[in-house]
Protein chains: 2
Amino acid sequence: MTLDSETKAVELPEDHAEELRLWLRLLTCTTLIEGEIRGRLRERFDVTLPRFDLMAQLDKAPDGMTLSDVSKRMMVSNGNVTGLVERLVESGHLDRRTSDTDRRVQVIRLTKLGRAEFRKMATEHETWIADIFGDLTEKDVRELMRLLAKTKGSAQKAVQRRQD
Amino acid sequence: MTLDSETKAVELPEDHAEELRLWLRLLTCTTLIEGEIRGRLRERFDVTLPRFDLMAQLDKAPDGMTLSDVSKRMMVSNGNVTGLVERLVESGHLDRRTSDTDRRVQVIRLTKLGRAEFRKMATEHETWIADIFGDLTEKDVRELMRLLAKTKGSAQKAVQRRQD
DNA sequence: CCAAGATGTTTTAAGTCTAAAATGTTTAGG
DNA sequence: CCTAAACATTTTAGACTTAAAACATCTTGG
């Protein structure tokens, strides 16, 4: 009996209910916060979250970025970026030009208008985040950062494994 | 001088860079995992993540749910659910009927086919999650659950405050 | 050089998603 | 009763999103 159950144990379906609950909770948190930020951005600045996110990437890169860079950073598809950029160029927030050294590459950067508008939004955005995470102590934040870093590493390895 | 800086401190822009970084890390984790699950669902079962999520909600409710219930649980708009349900009824995974007691209400539930297919997917899905979170110890999982619960509570309060 | 292959972007087709307005139904107060 | 408010859902218009195919341009080994 003991031998049997030990032998079987390897093949028996293991219980991963806790990990599943963790994933659902992580997803709930993100969806909740994302929805709140989306609503405030629309209400306050009449801008969508993807546009804000894209501008945030560009704000960190004064010399501009290629579409591929943006796509990787934002973890969205190439085609997605193409459309977003189109609309942001149209509205005068972005400048887009073909690279001098590689004619495949499109370099985009914030226009003066785009940067000014983004900075206004970013300031307020930061206070919203502070409000949303307001109940967490400094220690909570540190601990969450650590555990999420570990989670990210674990997930990246899983992605790697599948791609082999 | 001391008085001045103390007086000013209240109005000075506080530094919330840490919370911002936490939010970005949370978002990165979720996006990364969500993308991986989406890809595996498509590759293995040719199903989209929203469809899987909707079926997961219904699997937990043998007596069916109303569209509003689903919308609240999934934290998506009503119109979104209408479209999703349409396609899942079309493909034979869902059954939809008007409530006997309230003709405004639509009750949906999994068909036999829908339930069977979901169960197969769910089993595999759970192993993917276990794989993705594989580096976390039991203690990590417990601690993350706790901190995310606190985060969720904090965010919900912020949502509440805005709605007043 | 020059044909593969790699790389960067766009296009396509279909699905997902939202906010807001419209529609249909129920509930309650007068 | 009957109308105003509340509620559940659908519709609408537009934006976002993906995967995959198509297109354009570079890079490189022979």
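Naming convention: chains lettered A, B, ... in sequence-line order (proteins, then strands); numbering from 1 in each chain.
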Distance test, side-chain N/O of Thr48(B) to OP1/OP2 of dT16(C), below 4.0 Å: yes
Donor-acceptor pair between Asn78(A) and Ser71(A) side chains, under 3.5 angstrom: yes
Backbone of Ile132(B) reached by a side-chain donor or acceptor of Ser154(A) within 3.5 Å: yes
Length of the line joining Asp100(A):CG and dT25(D):P, which is rounded to integer Å: 15 Å
Sugar-phosphate only, base, or nothing, as touched by Asp102(A) at under 4.0 Å among non-hydrogen atoms: sugar-phosphate
Candidates dC26(D), dT10(D), dT10(C) - which lies nearest the side chain of Leu67(B): dT10(D)
Side-chain N,O (Arg51(A)) to OP1/OP2 (dG14(D)) below 4.0 Å: no
Sugar-phosphate, base or nothing in reach of Thr82(B), heavy atoms under 4.0 Å: base
Nearest to side-chain heavy atoms of Arg96(B), which nucleotide of dT25(D), dT10(D), dA19(D): dT10(D)
side-chain N/O Arg42(A) vs dT18(C) OP1/OP2, d < 4.0 Å: no
Separation of dC16(D) P from Glu34(B) CD (nearest whole Å): 18 Å
dT18(D) OP1/OP2 closer than 4.0 Å to side-chain N/O of Asn80(A): yes
Nucleotide nearest Arg104(B) (side chain, heavy atoms from C-beta), chosen from dT10(D), dG24(C), dT11(D): dG24(C)
Under 3.5 Å donor-acceptor, Thr127(A) side chain and Glu124(A) backbone: yes
Arg97(B) CZ to dT9(D) C1', straight-line distance once rounded to whole Å: 18 Å
Toward the 5' end of DNA chain C, by each residue's nearest nucleotide, Thr66(A) or Ser77(B): Thr66(A)
Nucleotide dC7(D), atom C1' - distance to CZ of Arg103(B) in whole Å: 15 Å
Nearest-nucleotide comparison on DNA chain C, the residue closer to the 5′ end among Val76(B) and Asn78(A): Asn78(A)
Separation of atom CD in Glu86(A) from atom P in dC16(D), rounded to whole Å: 11 Å
Check: Leu88(B) main-chain N/O paired with Ser91(B) side-chain donor or acceptor under 3.5 Å: yes
Sugar-phosphate, base or nothing in reach of Leu84(B), heavy atoms under 4.0 Å: sugar-phosphate
Sugar-phosphate, base or nothing in reach of Met75(B), heavy atoms under 4.0 Å: sugar-phosphate
Residue mapping more 5' on DNA chain D - nearest nucleotide basis, Arg38(B) or Gly83(B): Gly83(B)
No-hydrogen, no-angle side-chain donor-acceptor test under 3.5 Å, Gln106(A) and Thr98(A): yes
Side-chain N,O (Arg87(A)) to OP1/OP2 (dA15(D)) below 4.0 Å: no
Whole-Å gap separating P (dA8(D)) and CZ (Arg73(B)): 15 Å
Atom pair distance, as rounded to whole Å: CG in Leu49(B) and P in dA19(D): 11 Å
Smallest separation among heavy atoms of Glu143(A) and Leu147(B), with atom names: CG-CD1, 3.6 Å
Spacing between Met74(B) atom CE and dT16(C) atom C1', to the nearest angstrom: 10 Å
